[in-house]
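First comes the structure, then the notes that go with it.
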Amino acid sequence: MLSNLKAQPADKILALMAKFKEDPRPIKVDLGVGVYKNAEGVTPVMRAVKEAERRLVEEQTSKSYVALAGDPAFSDAMIDLILGDTVARDRIAAVATPGGTGAVRQAFELVKMANPDARVYVSNPTWPNHLSILKYVGIETVAYRYFDTETRAVDFEGMLADLGEAREGDVVLLHGCCHNPTGANLNLTQWQAVVDLINEKGLIAMIDIAYQGFGDGLEEDAAATRLVASSVKECLIAGSCSKNFGVYRERTGILMAISTEAEGTAVVQQNLNFLNRQNYSFPPDHGARVVTTILTDPELRADWAAELEEIRLGMLALRQQLADELQKLSGSDRFGFIAEHRGMFSQIGTTPDKVEQLRVDNGIYMVGDSRMNIAGLNKDTVPLLAKAIVDAGI
Ligand code: LMR
């Protein structure tokens, strides 16, 4: 039986991670996988996470099962973090999931159960694993224009035109903030236009929000998700704690499903619980409990928010330094978009060949679609990258 299996294509991002590890060169720069690194190249355990874990070790008296949906306190805290009070709590069904990817997977499975004919509209480009999971789950995808490779901003006209072709009941997958892989985002006026189109055409909104706090701030980064969730009839939200709490390996995420009326919530909740039961029974608890501890303790929450803000400002400073350096070396403003983009990533908009050239000649690793992780840089590597980009004729 096992000999019938065919080799699977390697995930581009994870394959790059392995390649970087194997590279023996002393000077190499990892701008691949979306993991925050400080100036020393370390992905630190955040202070509040350490403290919450310490308390858990001391105070936790049982490791018994919690509930299929996870701890309700986690759902409440995450709903509050992402949505504030913009959507009535009784319209929201929620389950804890293994990371944001788990939430995305459960959301697609829910779509398939609720409407097998639904297609999912995805931005071109999007996180490659969105496409991979959709294919695996057996859902048809339709790409909508998103990134203008000339301006490196959002091709908003193209986006609206393509979404205008969607059929009633189709799902529109949107990145709540810090678009992955491009770094280019809609402004709130544009978000409102997307909301109007969703309502006009009877589409279902799905938001993937994995970088809240990495763009313009915790509240600012939630604004689009809140606008959409409070203005459409039904909405799915996949949230991740991997990045903003730095709990990558703990697999901590949440799926929310918002019904039109509170009467629908119980059945949706049963379906979410059912999906968890089929796929892995109970969701992981440790990371969720750490996050809940932080979000519900005013002092820990303030310390976490302060550290996250330092991280955000650090990435913004690196963006500005890189844009300035490129301006200086190239004598042109064509890289100004790097300072305008938000979140961990920017797509610089060059060919896979040039990306490969940067890797071979300079030990600079970025994803083949020319996505770079800004947090993989530091003050000293920014000039190296800028010089390599200009030398490669990008
Ligand atoms: C990324 O886009 O690099 C991250 O979301 C990590 C991953 O799982 O791909």
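All ligand and atom numbering here is 1-based and tracks the order in the structure. In what follows, residues are counted from 1 in the order of the sequence shown. This structure is a prediction, so every number in the text was calculated from the model and none was measured.
If you chain together hydrophobic residues whose side chains sit under 4.5 Å apart, Phe214 and Ile237 fall into the same group.
Interface of Val33 with ligand 1, defined as ligand atoms under 4.0 Å from a residue heavy atom, comprises 3 (O), 6 (C). Atom numbering of ligand 1 starts at 1 in the shown order; those under 4.0 Å from a heavy atom of Tyr211 are 4 (C), 5 (O).
Nearest protein neighbour of atom 2 (O) of ligand 1, counting heavy atoms only, is Arg371 NH1, 2.9 Å. Here the protein heavy atom with the shortest distance to atom 5 (O) of ligand 1 is Lys243 NZ, 3.0 Å. Given atom 3 (O) of ligand 1, the protein heavy atom at minimum distance is Gly34 N, 2.7 Å. From the protein, the heavy atom lying nearest to atom 8 (O) of ligand 1 is Trp127 CZ2, 3.6 Å.
Of the N or O atoms in Ile13, none lie within a sub-3.5 Å distance of an N or O in ligand 1.
Within the 4.5 Å cutoff, the side chain of Ser242 has no heavy atoms near those of the Arg249 side chain. Contact check for Arg47 versus Trp304: no side-chain heavy atoms found under the 4.5 Å cut-off. Leu174 has its side chain within reach of Tyr144: a pair of non-hydrogen atoms, C-beta onward, lies under 4.5 Å apart.
Proximity of Thr101 to ligand 1, defined as any heavy-atom pair under 4.0 Å, is not found for any part of the residue.
If you look at Phe147 and His179, their ring centroids are not closer than 6.0 Å.
Between Ile364 atom CD1 and Arg359 atom CZ the span is 12.0 Å, to the nearest 0.5 Å.
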